[in-house]
Amino acid sequence: MVINLSIDNIISKVYKKSIADELGIKEGDILLSINDQKIEDIIEYKFLICDEYLELKIQRGKQVYVYEIEKDYDEDIGIEFLNPIIDKTRSCKNKCIFCFIDQLPKGMRHTLYFKDDDSRLSFLQGNFITLTNMDENDIDKIIKYKISPLNISVHTTDSELRVKMLNNKNAGKIYDIMKRLAKANIQMNCQIVLCPGINDGKYLEKTIEDLAKLYPNVNSVAIVPVGVTKFREGLENLDTFDKESATKVIEYISCKQNQFLKTINTRFVFLSDEFYVLADKKRPSFDEYEGFVQLENGVGLMTKFEEEVNRYLTFVSVRLKTKRKVTIVTGKSAYNFIKNISEKIMNNIEGLQINVYKIENTYFGESITVSGLVTATDIINNLKDKNLGDMILIPKSMLKQDEDVFLDDYTIDDLEKILNVKIIPCEVEGRTFIRKLLERKE
């Protein structure tokens, strides 16, 4: 008997009262195959596990056990793997002119320097991929296993320009691949990182029109402004958006949205909140974001948050028995917004004092203004001599996913010791935000 020595399929968790638990499958077991098919990645696993009859081969130590399972179609068997995608994550071979990773300084947490471009992470975690680091087998697998929805970084559908922007000779095939995926009924959400003077103007017009032809398989398009740090030595010069140029983009996209509403009954293309902040323009209303399908790109995040706060405040009018002082930290772009929100909350909660601090981003450079790129270093430099009250509330986007670690590798514990105050991470969700403000410090 051949024993599998691979560690890719190690089972890290068995849910209580699940099918796997009832069969006696244990943490540390290795999944060898399902219905005699070897499992190479999580997509194959999720596809094969849907069947009503399964024959699992499980390795435990030097023994191999066969489990026969009869279950409902699509019913999960209740296991997770040590490596969430089972196979190795595929790295990106592009050298995009706007790549944020290439603009990072040394000394940050090491995982930030890995560029992923993996369709499985797009499907599982919502990561955006370029489709340039794939071969025909990869495309065939997406179609075969119905890996959908996919989040795709398009940037432009002009073949020559995309090759130049991504510095990859295969980048120009994007639209042909997307047409193939649309024909196979794969759902896609798209992203455009807009670079002034490069993929805007006529190129943006072509990109939007091309993508709209693939609707409804292309469900939405988000446009975000390019981010430029001070660490661009040896990289191509890039301009950033200012009030005037951001205003022009808003006006253009507003016209396109009106056109699409008439032709395909959706606004289809949406701008990230940064454009409205830069232009000092009113953001679209709650309903105009059509369900907020691109929140991960910062599209409508402010509007959604404000609506959630307003709704919750209609039910909350509190007088605190003990006065509280809370500090909120945010990036430059959201400062005025968070300050206005905080004033509304204080008007409804007597005894609550909220001080909002705008964190200047000296770590990456003053052109980086979003809260998600604020580092602990800059928080320390901005707040070390301040009276911070009972606690500091930070957006969870400042931290690594599922870990209390900042971009510059400081932990929340580190920051609490330095500033001598409790740090509370919070999701950008109205009710949760208000409840965190009212929590007693431990």
Side-chain angles (χ1 to χ4, degrees), residues 84 100 104 108-112 125-127 273-274 292 295-298 300-309 312-313 316 324-335 337-342 344-346 349 352-364 368-384 386-442:
F100 200 80
L104 295 179
M108 306 184 76
R109 64 174 189 252
H110 69 277
T111 54
L112 291 170
Q125 300 177 5
N127 297 22
D273 295 351
E274 292 171 76
F292 300 92
L295 276 177
E296 67 274 15
N297 271 314
L301 193 62
M302 287 181 169
T303 297
K304 183 174 181 289
F305 181 66
E306 185 175 31
E307 178 73 10
E308 290 164 348
V309 168
Y312 192 62
L313 287 178
V316 175
R324 309 197 67 206
K325 182 178 179 180
V326 177
T327 294
I328 297 176
V329 297
T330 185
K332 181 180 177 181
S333 61
Y335 173 72
F337 171 75
I338 294 298
K339 197 165 177 58
N340 290 335
I341 290 287
S342 297
K344 287 182 182 179
I345 294 171
M346 286 189 288
I349 302 175
L352 177 64
Q353 180 186 343
I354 303 173
N355 291 333
V356 183
Y357 285 97
K358 174 173 55 181
I359 306 299
E360 298 289 344
N361 202 321
T362 57
Y363 195 95
F364 288 113
I368 301 299
T369 60
V370 295
S371 298
L373 294 175
V374 168
T375 61
T377 300
D378 280 330
I379 293 175
I380 293 165
N381 291 337
N382 279 262
L383 301 185
K384 59 186 176 183
K386 303 289 193 301
N387 180 359
L388 302 172
D390 297 295
M391 68 176 186
I392 298 176
L393 206 64
I394 65 169
K396 222 168 186 177
S397 59
M398 290 182 182
L399 304 173
K400 184 179 180 181
Q401 187 175 6
D402 300 323
E403 289 186 40
D404 291 342
V405 183
F406 290 88
L407 288 166
D408 50 353
D409 221 17
Y410 279 83
T411 66
I412 282 184
D413 285 344
D414 295 332
L415 194 57
E416 287 180 339
K417 289 174 183 175
I418 293 169
L419 296 177
N420 195 30
V421 66
K422 186 71 177 174
I423 310 290
I424 305 292
C426 183
E427 298 285 359
V428 184
E429 193 279 323
R431 182 172 64 174
T432 303
F433 179 73
I434 295 171
R435 287 181 172 179
K436 291 287 185 183
L437 289 171
L438 299 178
E439 279 183 3
R440 292 181 180 273
K441 71 171 184 175
E442 297 177 0

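The first residue in the sequence is number 1, and the count goes up from there. Quantities reported herein were computed from a predicted structural model and do not represent experimental measurements.
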Can a donor-acceptor pair be found, under 3.5 Å and without considering hydrogens, that links the side chain of Glu308 to the backbone of Arg431?
no
Measure the shortest side-chain to side-chain distance between Tyr335 and Ile359 over non-hydrogen atoms and say whether it is less than 4.5 angstrom.
no
Polar contact flag, side-chain donor to acceptor under 3.5 angstrom, Thr411-Asp404:
no
Examine distances only and state if a side-chain atom of Asp408 and a backbone atom of Thr375 form a donor-acceptor pair shorter than 3.5 Å.
no
So Phe337 and Phe305, do their side chains get closer than 4.5 Å, heavy atoms only?
yes
If the condition is salt bridge (charged side-chain N to carboxylate O under 4.0 Å, His left out), which residues does Lys332 pass it with, not counting sequence neighbours?
none
Rounded to the nearest 0.5 Å, what separates atom CD1 in Ile418 from atom CD1 in Ile380?
3.5 Å
Is any side-chain heavy atom of Cys426 closer than 4.5 Å to one of Thr432?
yes
Could you check whether any side-chain N or O of Asn382 sits under 3.5 Å from a backbone N or O of Asp378, counting only pairs where one atom can act as donor and the other as acceptor?
yes
Separation between CD1 (Ile392) and CD (Glu416), nearest 0.5 Å, reads 9.0 Å
Any side-chain heavy-atom pair of Glu306 and Lys344 under 4.5 Å
yes
With heavy-atom distances below 4.5 Å as the criterion, would you say the side chains of Leu383 and Val421 are in contact?
no
If we only count heavy atoms from C-beta on, is the Leu437 to Ile328 side-chain gap below 4.5 Å?
yes
Can you tell if the side chain of Lys386 reaches within under 4.5 Å of the side chain of Thr327, non-hydrogen atoms only?
no
Could you state the interatomic distance from CD1 (Ile368) to CD (Glu360), rounded to the nearest 0.5 Å?
13.0 Å
What is the distance from atom CD1 of Ile379 to atom CG of Leu419, rounded to the nearest 0.5 Å?
8.0 Å
Keeping the roles fixed (side chain from Asp273, backbone from Leu301), state whether a donor-acceptor pair exists under 3.5 Å.
yes
For Ile394, which of Leu399, Leu415, Val374, Ile424 qualifies under side chain to side chain contact (heavy atoms under 4.5 Å, CB included)?
Leu399
Just to verify, which of Asn355, Leu352, Leu388, Ile354 counts as forming a side chain to side chain contact (heavy atoms under 4.5 Å, CB included) with Lys325?
Asn355
Under 3.5 Å donor-acceptor, Ser333 side chain and Glu274 backbone:
no
Closest non-hydrogen contact found for Ser371 with Gly331 is OG-N, 2.9 Å
Are the side chain of Asp390 and the backbone of Arg324 linked by a donor-acceptor contact shorter than 3.5 Å?
no
Kindly write out the residues that satisfy ring-ring contact (aromatic ring centres under 6.0 Å, His included) with Tyr357, not counting sequence neighbours, or none if the list is empty.
none
